[in-house]
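Let me begin by presenting the structure, written as structure tokens, before commenting on it.
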2 protein chains.
Amino acid sequence: MSPERFKRINEMLNLRQPDLTVVMENVHKSHNVSAVIRTADAVGVHKMHAVWESSKRKMSAGLALGSQNWVGVSHYDQVADAIKAVRQQGMQVVVTNLSEQAIDFRDVDYTQPTAILMGQEKHGVTEEALALADHQVMIPMVGMAQSLNVSVAAAVMLYEAQRQRQAAGRYGHNQLDIAERQRILFEGGHP
Amino acid sequence: MSPERFKRINEMLNLRQPDLTVVMENVHKSHNVSAVIRTADAVGVHKMHAVWESSKRKMSAGLALGSQNWVGVSHYDQVADAIKAVRQQGMQVVVTNLSEQAIDFRDVDYTQPTAILMGQEKHGVTEEALALADHQVMIPMVGMAQSLNVSVAAAVMLYEAQRQRQAAGRYGHNQLDIAERQRILFEGGHP
Ligand SMILES: C[S@@+](CC[C@H](N)C(=O)[O-])C[C@H]1O[C@@H](n2cnc3c(N)ncnc32)[C@H](O)[C@@H]1O
Ligand SMILES: C[S@@+](CC[C@H](N)C(=O)[O-])C[C@H]1O[C@@H](n2cnc3c(N)ncnc32)[C@H](O)[C@@H]1O
């Protein structure tokens, strides 16, 4: 690795937000999956979670994840297992959903450890995910379209988190643990 | 038209922001084009602008625009003509570009009449567009990816405009002119 590249990766690792993540629940179009991971990387997400409704989906859309190995991805068959994993890291679970019960997405404090859950292109999030969440949020829409594209909605959510975290000085110092930093520096990404 | 639908369209028209628009410069993947227009509709954009580098592109990607006729689209061969059109409406031109010269996208006042210019998937915006713009802005990125997906970047820009406009009370009253309202109500969309 060149000294420039080593420096670049080091700087990137200094800005990682290990307590901010995304759970994709059955998102299955590969261009959406790759846009979500690219945006997650851009705001400093270090590790993501993907729930797959079938192994066929995982094989096809999951490919989009391989192209970008700076953000790690954990895979699950059940949304409950993905939520359990983020809860074990002390995260609040914020589910995006177009409903009467949802609050404005800007009314949540994303400087807290947070997992943002995004739903499937056609059917949205499952009842199970809703039941397990702390907050149900919605991005306001004033037009005729019923919903936003899922990668667009993920980006609007993530950049609200970035805005709050930047204001709170959360991009100022390393938050990754030393062992994880070393591993990434030596292996050049997630496995 | 049912009374419910008439009411729904009327409410939508009350929230339109005729002084906010998007110019897509050679954006050519149809899933990106359709995601941009869907987000534009969601924040109240009433009319958009698309510049096409070739008529072949316009034929293929332009199809994505037809599916959604609540946001009007004007087509151009030259970016200068699109910029001239928005200037005639008194708009500032904000070009998104990944460069040293770009300022943070949140440092622009989007409550002013504004056209946001998005560039092509591979090559970004042209020198010509940069030369004609008032502001060159960038969405901060702290990861390893070089850029955001274009529809994602458009959404982050548009929801910053929405945030500023909401705070300024700009979604509180009708801003469309009466003739345009009537036309849309009777014709059920843009032609
Ligand atoms: C195309 S939408 C699903 C639409 C589905 N018919 C529904 O009602 O849930 C796919 C995903 O994008 C996200 N999404 C789309 N629009 C959103 C909005 N306005 N606010 C929050 N999330 C949104 C949610 O994660 C949703 O599950
Ligand atoms: C994939 S990018 C183009 C990348 C191209 N290599 C370049 O350097 O311009 C396509 C378009 O998305 C928008 N975009 C992508 N990332 C952006 C960012 N971080 N800030 C502002 N606009 C961005 C711009 O409109 C850009 O022209």
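Chain A is the first sequence line, chain B the second, and so forth, proteins listed ahead of strands; every chain is numbered from 1.
- For B/Glu11, no part lies near chain A; criterion is any non-hydrogen pair under 4.5 Å.
- With a 4.5 Å cut-off on non-hydrogen atoms, B/Val43 touches chain A through its backbone but not through its side chain.
- Looking at B/Arg8 and A/Met144, their side chains come closer than 4.5 Å, going by heavy atoms from C-beta outward.
- Hydrophobic clustering places A/Ile139 together with A/Val142 (ILVMFWY residues linked when any side-chain heavy atoms are closer than 4.5 Å, directly or through intermediates).
- Of the listed residues (B/Val36, B/Asn32, B/Asn149), the greatest number of heavy-atom pairs within a distance under 4.5 Å of chain A belongs to B/Asn149.
- Atom CD in B/Gln166 sits 6.5 Å away from atom CG in A/Asp104 (nearest 0.5 Å).
- Contact tally against chain B (heavy-atom pairs below 4.5 Å) for A/Gln162, A/Arg106, A/Glu160: the top residue is A/Arg106.
- In terms of heavy-atom pairs under 4.5 angstrom with chain B, the leader among A/Pro140, A/Ala153, A/Gly44 is A/Pro140.
- Residues B/Leu148 and B/Met157 share a hydrophobic cluster, clusters being chains of Ile/Leu/Val/Met/Phe/Trp/Tyr side chains in contact below 4.5 Å.
- Atom CD of B/Gln78 has 12 or fewer neighbouring heavy atoms from other residues, nucleotides or ligands inside a 6.0 Å radius.
- Criterion: ILVMFWY side-chain heavy atoms under 4.5 Å apart, direct or through other members. Under it, A/Leu117 and A/Met91 are part of a common hydrophobic cluster.
- B/Tyr159 and A/Phe105 have perpendicular rings, their planes meeting at more than 60° on a 0 to 90° scale where under 30° would count as parallel.
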Task: Evaluation steps, side-chain contact (heavy atoms from CB on, under 4.5 Å), between B/Met141 and A/Asp41 - done: CA-CA 8 Å; B/Met141 302 177 66; A/Asp41 171 74; 5.7 Å; no
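- Cluster membership check: A/Val150 does not share its hydrophobic cluster with A/Val95, using side-chain heavy-atom separations under 4.5 Å among Ile, Leu, Val, Met, Phe, Trp and Tyr.
- Both the backbone and the side chain of A/Arg163 come within contact range of chain B, each with at least one heavy atom under 4.5 Å from a heavy atom of that chain.
- The environment of CD in B/Gln182 is crowded: more than 12 heavy-atom neighbours from other residues, nucleotides or ligands sit within 6.0 Å.
- The hydrophobic clustering, which links ILVMFWY residues whose side-chain heavy atoms are closer than 4.5 Å, places B/Val51 and B/Met24 apart.
- Contact between B/Ser151 and A/Val152 at its shortest, heavy atoms only, is O-CG2, 3.8 Å.
- Formation of a donor-acceptor pair under 3.5 Å by the B/Arg38 side chain with backbone atoms of A/Ser147 is found in this model.
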